[in-house]
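These values consider heavy atoms only, across backbone and side chains, with no hydrogens, waters or symmetry-generated copies.
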Amino acid sequence: MEKNGLVVLPVFHYVDPSDVRNLRDTFAEAFAKHEQRLKDNIQDVHTCKSAFTKVADLAGWDLNDKLESKVIQDILERISSELNRKFSSVSKDYVGIDSSVEKILDLCLDGLGGVRFVGICGMGGIGKTTLAQEIYNRISSRFNASSFIANVREENRNKGLVSLQKQLLSNILMEREINIWNFREGINVIGNRLRYKKVLIVLDDVDGEEQLEALVGNHDWFGPGSRIIVTSRDSHLLRRCGVNDIYIVKELNDDDALQLFSWRAFKSPHPKENYVDLSKDFVNYAKGLPLALKVLGSLLFDKRMNEWKSALD
């Protein structure tokens, strides 16, 4: 597992981990038989013994005197978390966000028993949605149900609040048909149907009180342990609506900005040798805004140097 970088999550199913570690009782008997049967390949037996000892020292689950269904749920959450972390970490759009993710996770996971509203705030193009999506991917498996509502501002303008309420309820309740005829009725349905559920809800790009009122109006609409994450450009709106904690997203530093730009412009974490100075000029122009860096990098991909200089002028 060291050689291949595998993640091993041992489950001791009514087996004492110390018996595995020390090769006692049934393990001792089994290995004694293997040593007799595999005298010509005794090194394989020794390797297997060593592996059992190492596995017993890893953090895992011991089912002794524990409810199996609860342990199974814990295992599924851990596996989901590992997979989300593995696949999200390879995204080239996620340059320079690790420290922000950890700080927001601290806000989300603080005081797990109650309902908590967390805001992610910053100017347009700063990376609020990317952060919210990464947080959602990492922790959604810890909840009974979850919903990520993207582009709330635009969806409200195009389809209205009732459509957003239906989308939220459909995601959480896993029901295709949600019968709501006006947003006041939707408020009652959300408050009544989700009251006892531990949910994770992300509302992305909120710009009005009525959106929060219609979708996540009060803490008591949701079960203990629920987390509501709201991204917005307006910190005053978030404070006015009773959001518990607000994280202000900052621009990328020069090194991370250059790396993000390079992934789009060169499909590499570093610029080509002859393009380093030009790349830094474009990075300075973008002022650390991830969206601007990605757009500029994509526009310049596979372009000749004279086209780069012309674009910069």
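- Across Trp308 and Ser279, no two heavy atoms sit closer than the pair CZ3-OG, 3.6 Å.
- The closest donor-acceptor contact from the side chain of Gln165 to the backbone of Ala214 lies under 3.5 Å.
- Lys166 has no carboxylate O lying under 4.0 Å from a charged side-chain N of Glu175, or vice versa, which leaves the two without a salt bridge.
- No donor-acceptor distance shorter than 3.5 angstrom exists from the side chain of Asp245 to the backbone of Val118, with no hydrogens or angles considered.
- Atom OH in Tyr94 sits 15.5 Å away from atom CH2 in Trp263 (nearest 0.5 Å).
- Residue Leu200 comes nearest to Ile229 through the heavy atom pair CD1-CD1, 4.1 Å, listed as atom of the first residue, atom of the second, then distance.
- Here the shortest heavy-atom pairing between Gln167 and Phe148 reads NE2-O, 4.2 Å.
- Ring pair Phe266/Phe261 is perpendicular by interplanar angle, where above 60° counts as perpendicular and below 30° as parallel.
- Remark: side-chain polar atoms of Lys250 are not paired, donor with acceptor, to backbone N or O of Ile126 under 3.5 angstrom.
- Within a 6.0 Å radius of NE2 in His219, other residues, nucleotides and ligands contribute more than 12 heavy atoms.
- Using a 4.5 Å cut-off between side-chain heavy atoms of Ile, Leu, Val, Met, Phe, Trp and Tyr, with links allowed through other members, Tyr285 and Phe301 fall into different hydrophobic clusters.
- No side-chain donor-acceptor contact under 3.5 Å links Ser50 to the backbone of Thr47.
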Would you please test Asp234 and Asp207 for side chain to side chain contact (heavy atoms under 4.5 Å, CB included) and show each step?
CA-CA 7 Å; Asp234 188 347; Asp207 71 342; over 6 Å; no

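- Around the CZ atom of Arg153, the shell of radius 6.0 Å holds more than 12 heavy atoms that belong to other residues, nucleotides or ligands.
- When the options Ile178, Asn144, Leu194 are evaluated for a side-chain contact (heavy atoms from CB on, under 4.5 Å) with Ile172, the one that passes is Leu194.
- Distance alone, capped at 3.5 Å, is enough to place a donor-acceptor pair between the Ser226 side chain and the Lys197 backbone.
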Under the side chain to side chain contact (heavy atoms under 4.5 Å, CB included) criterion, do Leu289 and Met123 qualify, and how do the steps go?
CA-CA 9 Å; Leu289 290 178; Met123 68 178 72; 3.5 Å; yes

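- Formation of a donor-acceptor pair under 3.5 Å by the Lys128 side chain with backbone atoms of Gly122 is found in this model.
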